[in-house]
S.K.: 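Take this structure, written in structure tokens, and hold onto it; I'll ask about it next.
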Amino acid sequence: MILSKYPGLVQNEIFRNMEFSELLLLSLVSKNMEKLIKSSQKKRLKSINKIVYFTDGKNHLCVYIPREPDVDVIMRFEEFEKTEIPDFQLNVSEKIIDFRLFTRERNKDFWLPETGFHPYPVACVHKSDKESIIESVHNYFLDFFGNSTYYWKADFFGGVQYYFPTHLQNVSFCMSTYVADDFKMRNLENFFSSSPVLKSVQLFTSNSELSFNPESKFYQAESIDTIQDSITIPDILNHFQGKQAFMECKECKIWNLINFVKKWKSGEAFRKLEYLKVTVSLHEFNEIIIQNIIGVKYIDANKQPPTHTLPRV
Amino acid sequence: MAPKKNSAKRPQPSTPKPSAPARIVKVQSSDGHILQADVRALLLSSTLAATIKGYDDENKPLEKLEVNNVVGFTLKLVLEWCEKHKEDDPAIAQAEKDKKNIFIPSWDRHFLTKLPMGNLFDLITAAYHLDITGLINYGCKTVANSAKGKSTEEMRELFGIPEPWEQPSTSTATWDD
């Protein structure tokens, strides 16, 4: 069967039925196949607006396209010893990269296409060549998927040295972590000091003593999303330099919040902040009184309210 | 609440209705093979349906339909598929066409996956020429499924993609890398 001899409509239909990981691998087989897929699936490829590199700082780096309710993994990177034999090699952005098939370790009971699992290529990364392999693959993604937004998301665990490929084009860096009671803050502080300024930080903690160095890059993140039992509002709000903050806690000292909003409204501080959402689940305060204290303006129900929407970072 | 069954979304053949006696016509392939088919099965092909309608409108007796671009072996497969689906609601195939995940019913899966790739290729091409939406849907999905978990070498073989240093294997191929 020669795919190139099929009528265009049939080629489109075959490609439409393939997952992104399959299209990606097929495009790497030949330059003409790449052209064919890019022109046939232009609209579909263009519709991808977000591609995520996800790392836990150890031996796992995978690239996925978020898709509710799950994700489409399109490639994984894995450290490979020079003595190991890859399944095949591909020319990716003018660099020959070793690959192996995911099927080698596939769990036949669960990871079948019939159960919604789709195999993806695994790039074999030799430690000495890691940076250039990731760069070549990323350049290929830029060309193949076009102007998607790329995120490098670190799932932080203490004591691991994280790698941030800051030389990659069009990539924003993010992190998420759960901070337990016995967590060593020093590890987290080290993480922020060695990372670039982050686009987004998601921090979930039951540790009420959580407190960062005022100079920490945590406060420079463009967007923070925290869930705490007892919020450290004075700390976080007084030092936050980013644009958006989403904070959720069970309880907090309401005067801290009131003072913060007053400072923000007067322009005395937090000039970059565009959006703040604080959710306090066990509050015992009167919302009307608070709204009066901070000077909330009431809009006549008969008038058209002003609209101001900001995209979530 | 009981979970919804997936099968609710899957295409179901329409309930067989008491129908008029089958109207059988002869169908001739490009290499001269003559086969017989129920007109209801042939109506799944928009191309053949238009021809049949032309005969009916002019009250001309339809004795033999000529299918000039499909050989006998492939035409037999096409007619077998159409015979199986002749009771289907044509709207099902149209609705499936735009779905992201096409579900292939078990009869069709068995019918299509047992075919060697070359025959499947001819069958899909015939379905395209005869404009049989359902067969195109299931055929293309079967081809896409066959690429799952394949190495690049296997993909080259499956889709007839030459190695970078090879010339196109046929005069009509467009590969040049």
Side-chain angles (χ1 to χ4, degrees), chain A residues 1-37 44 47 67 72 86-92 96-104 106 108 111-114 116-122, chain B residues 6 96-104 109 115-129 131 133 135-166 168-177:
Chain A
M1 180 178 72
I2 298 175
L3 188 57
S4 63
K5 288 172 78 177
Y6 269 122
L9 185 140
V10 174
Q11 287 174 353
N12 289 349
E13 197 55 27
I14 292 171
F15 292 145
R16 193 179 75 83
N17 278 291
M18 286 185 169
E19 298 296 323
F20 285 118
S21 59
E22 292 151 7
L23 288 176
L24 177 70
L25 185 57
L26 189 57
S27 77
L28 285 162
V29 172
S30 121
K31 282 212 163 21
N32 271 333
M33 187 56 87
E34 181 193 342
K35 279 183 212 161
L36 195 62
I37 293 171
R44 190 172 161 210
S47 72
R67 187 176 68 170
D72 272 349
D87 288 334
F88 53 93
Q89 290 187 317
L90 290 170
N91 182 341
V92 184
I96 302 297
I97 297 177
D98 292 338
F99 280 87
R100 71 170 184 78
L101 281 176
F102 184 83
T103 42
R104 225 194 241 183
R106 165 166 132 178
K108 286 188 176 167
W111 294 343
L112 293 168
E114 293 81 356
F117 172 79
H118 302 287
Y120 44 78
V122 182
Chain B
N6 281 341
E96 284 268 291
K97 195 179 171 186
D98 301 320
K99 267 194 189 169
K100 190 181 182 301
N101 291 313
I102 291 173
F103 173 78
I104 308 177
R109 193 165 59 241
L115 295 175
M117 269 300 170
N119 293 347
L120 180 59
F121 171 84
D122 292 339
L123 181 61
I124 296 171
T125 308
Y128 170 75
H129 289 309
D131 197 3
T133 308
L135 185 51
I136 296 175
N137 291 347
Y138 295 155
C140 290
K141 178 76 178 176
T142 304
V143 172
N145 282 348
S146 66
K148 285 190 189 304
K150 294 274 192 295
S151 71
T152 48
E153 206 45 54
E154 289 165 330
M155 278 191 172
R156 279 187 193 285
E157 200 178 318
L158 181 67
F159 293 131
I161 306 168
E163 294 284 353
W165 57 85
E166 284 178 343
S169 55
T170 69
S171 57
T172 50
T174 56
W175 314 112
D176 57 8
D177 56 337

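Small disclaimer: the values here were computed from a predicted structure and weren't measured. Quick note on labels: first sequence line is chain A, next is B, and so on, each numbered from 1.
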S.K.: Distance check, rounded to the nearest 0.5 Å: Arg156(B) atom CZ versus Leu26(A) atom CG?
M.R.: 10.0 Å

S.K.: Apply side chain to side chain contact (heavy atoms under 4.5 Å, CB included) to residues Glu19(A) and Lys148(B) and explain how you reach the verdict.
M.R.: CA-CA 9 Å; Glu19(A) 298 296 323; Lys148(B) 285 190 189 304; 3.9 Å; yes

S.K.: Of all heavy-atom pairs between Phe121(B) and Ile2(A), which one has the smallest distance, and what is that distance?
M.R.: CE1-O, 3.7 Å

S.K.: Taking all heavy atoms of Tyr6(A) and all of Ile124(B), pick out the closest pair and write down the distance.
M.R.: OH-CD1, 3.7 Å

S.K.: How far does CG of Asn17(A) sit from OG1 of Thr142(B), to the nearest 0.5 angstrom?
M.R.: 9.0 Å

S.K.: Please round to the nearest 0.5 Å and tell me the distance separating atom CZ of Phe159(B) and atom CD1 of Ile14(A).
M.R.: 6.5 Å

S.K.: Are any non-hydrogen side-chain atoms of Val10(A) and Thr125(B) less than 4.5 angstrom apart?
M.R.: no

S.K.: Ignoring hydrogens, what is the shortest heavy-atom contact between Met155(B) and Glu22(A)? Give both atom names and the distance.
M.R.: CE-O, 4.3 Å

S.K.: With a 4.5 angstrom heavy-atom cut-off, is it the side chain or the backbone of Leu28(A) that approaches chain B, or both, or neither?
M.R.: neither

S.K.: Run the side chain to side chain contact (heavy atoms under 4.5 Å, CB included) check on Asp87(A) and Ser151(B) step by step: do they pass?
M.R.: CA-CA 8 Å; Asp87(A) 288 334; Ser151(B) 71; 5.6 Å; no

S.K.: List the atom of Ile136(B), the atom of Glu13(A), and the distance in Å for their closest heavy-atom pair.
M.R.: CG2-CG, 4.3 Å

S.K.: Please assess Phe99(A) against Thr152(B) for the test side chain to side chain contact (heavy atoms under 4.5 Å, CB included), listing each intermediate value before the final yes or no.
M.R.: CA-CA 10 Å; Phe99(A) 280 87; Thr152(B) 48; over 6 Å; no

S.K.: Checking Asp98(A) now: which residues fulfil side chain to side chain contact (heavy atoms under 4.5 Å, CB included) with it, not counting sequence neighbours?
M.R.: Pro86(A), Gln89(A), Cys124(A), His126(A)

